[in-house]
Protein chains: 2
Amino acid sequence: MVRMISSAIPDFAVRLRAAGLRPTRQRVALARVLFEGGDRHVTAEGLHAEVKATSHRVSLATVYNTLNQFRDAGLLREVVVAPGRSYFDTNMSHHHHFFIETDGELHDFPSDKVTVAGLPTPPKGTKLSRVDVIVRVRR
Amino acid sequence: MVRMISSAIPDFAVRLRAAGLRPTRQRVALARVLFEGGDRHVTAEGLHAEVKATSHRVSLATVYNTLNQFRDAGLLREVVVAPGRSYFDTNMSHHHHFFIETDGELHDFPSDKVTVAGLPTPPKGTKLSRVDVIVRVRR
DNA sequence: CAAGCAGATTAGAATTATTCTAAAAGGTGA
DNA sequence: TCACCTTTTAGAATAATTCTAATCTGCTTG
């Protein structure tokens, strides 16, 4: 019998290897939580709690290591909007953020319609890395 | 003899009282470092080192307390651009930031010329707090 | 498909930034 | 000056993150 390979089921091992990362059990478990389903924002603690709920044992240190590796590999983007904690965003397309200061929630919004005009030129000897627009709101 | 009161010498005690803060020795010493001279960006540790260099003894805890109080009183603005540490900006006019990621330096740029158009409306039940534009560059 | 090795994981200690605590000191109105 | 309430302080505590050193595991090779 021929086995059906559904392209609808994302193969995280392949995806990790493509990013130059060995597909270990914990990295695959974390990738599953992060990348199946839509775009998300996680903190290290939050992701750790979530992966534990899937009955995979992953240490908090590994969650931190993995988040940093995923970010370095271009699978995640780190977002710093509040003192003390980092958020990691699975949406790698060009976009900006709403930050609800009163409850620490972060939401994407597409940059399609957003225009930032009149920015000064970067200081000499520097090259542009990216432009972040953070819309801070309160409840 | 009539004493001359020069308006060119900023009276930090008065300024603090106007902001609802008692002008204690350490608050005045910190205000002097922060507000005499042009706009600046400081971290708690950096400010602590600077004030010690003026031969005033101010504990690190007081530096933290004071930065938070000054921020709450509208004398400073907190800027969060990098994980782990907060910057405090003495420039309270409307402006944005360059952040030189490679060496952690922060620079203002005026928002006169900058236009941010096409922002989506804030989520229901929230009101706009402010819009930050951070231009990240690397050496 | 066993062996070996480089890379990954882990628990717990360490580090860093910041806040808290409780006691001592200081600013201020009467 | 006194009394009172606020501030300051040293050091302990907390929170987020990184480090360490030992153990484990993918993966390549024979």
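Just so it is clear, the model here is predicted, and its values are computed rather than measured. No hydrogens, no waters, no symmetry mates; every other heavy atom, side chains included, goes into these values.
Rounding to whole angstrom units, NE2 of residue A:His48 and P of D:dA15 are separated by 17 Å. One atom, CZ of B:Arg57, and another, P of C:dA24, lie 19 Å apart when rounded to the nearest Å. Across the protein-nucleic acid pair, B:Leu16 atom CG and D:dT8 atom P stand 10 Å apart, rounded to whole Å. As a whole-Å value, the separation of B:His56 NE2 from C:dG26 C1' is 15 Å. Between the CG atom of A:Leu67 and the C1' atom of D:dA16 there is a distance of 13 Å, given to the nearest Å.
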Every protein N/O lying under 3.5 Å from an N/O of nucleotides 4-7 of chain D:
unit_1	atom_1	unit_2	atom_2	d
D:dT6	O4'	B:Arg22	NH2	3.1
D:dT7	OP1	B:Arg27	NH2	2.8
D:dT7	O5'	B:Arg27	NH2	3.2

Return the polar atom pairs (N/O with N/O) between nucleotides 17-23 of chain C and the protein under 3.5 Å, or none.
unit_1	atom_1	unit_2	atom_2	d
C:dA17	OP1	B:Arg85	NH1	2.9
C:dA17	OP1	B:Arg85	NH2	3.4
C:dA17	O3'	B:Gly84	O	3.0
C:dT18	OP1	B:Ser86	N	3.0
C:dT18	OP2	B:Tyr64	OH	2.6
C:dT18	O5'	B:Tyr64	OH	3.4
C:dT19	OP2	B:Asn68	ND2	3.2

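With 3.5 Å as the limit, one finds a donor-acceptor pair spanning the side chains of A:Ser129 and B:Glu101. At a cut-off of 3.5 Å, with distance as the only test, a side-chain donor of A:His94 or A:Ser111 sits close to an acceptor on the other residue.
With rounding to the nearest 0.5 angstrom, the CG atom of B:Asp112 is 11.0 Å from the CZ atom of B:Phe109. Interatomic distance, B:Leu67 CG to B:Leu30 CG, rounded to the nearest 0.5 Å: 7.0 Å. Of the inter-residue distances, the one linking B:Arg25 atom CZ with B:Arg22 atom CZ reads 12.5 Å to the nearest 0.5 angstrom.
The phosphate of D:dC27 has OP1 or OP2 within less than 4.0 Å of a side-chain N or O from A:Arg17. Side-chain nitrogen and oxygen atoms of A:Arg25 include at least one within less than 4.0 Å of the OP1 or OP2 phosphate oxygen of D:dG26.
Between B:Asp108 and the choices B:His41, B:Arg40, B:His96, the side-chain hydrogen bond (donor to acceptor under 3.5 Å, both in side chains) rule is met once, by B:His41.
Note on A:Leu21 and A:Leu47: same hydrophobic cluster, where clusters join Ile, Leu, Val, Met, Phe, Trp and Tyr whose side-chain heavy atoms are under 4.5 Å apart, directly or indirectly.
In this structure the side chain of B:Val63 never reaches within 4.5 angstrom of the side chain of B:Thr66, judged on heavy atoms.
Salt-bridge formation is not detected for the pair A:Arg71/A:Asp89: no Lys NZ or Arg NE/NH1/NH2 atom is positioned less than 4.0 Å from an Asp or Glu carboxylate oxygen. Note on B:Asp132 versus B:Arg77: salt bridge recorded, some NZ/NE/NH1/NH2 to OD/OE distance being below 4.0 Å.
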Practice item. Evaluate the side chain to side chain donor-acceptor pair (under 3.5 Å) criterion for residues A:Glu105 and A:His107: first the C-alpha distance (whole Å), next the side-chain angles of each, then the deciding distance (0.1 Å), finally the verdict. Key: CA-CA 7 Å; A:Glu105 265 180 62; A:His107 298 284; 2.7 Å; yes
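Taking five base pairs at each end of the helix from C:dC1-D:dG30 to C:dA30-D:dT1 and finding the rotation axis that steps the C1' atoms of four pairs onto the next four gives two axes whose angle is 30°, to the nearest 10°.
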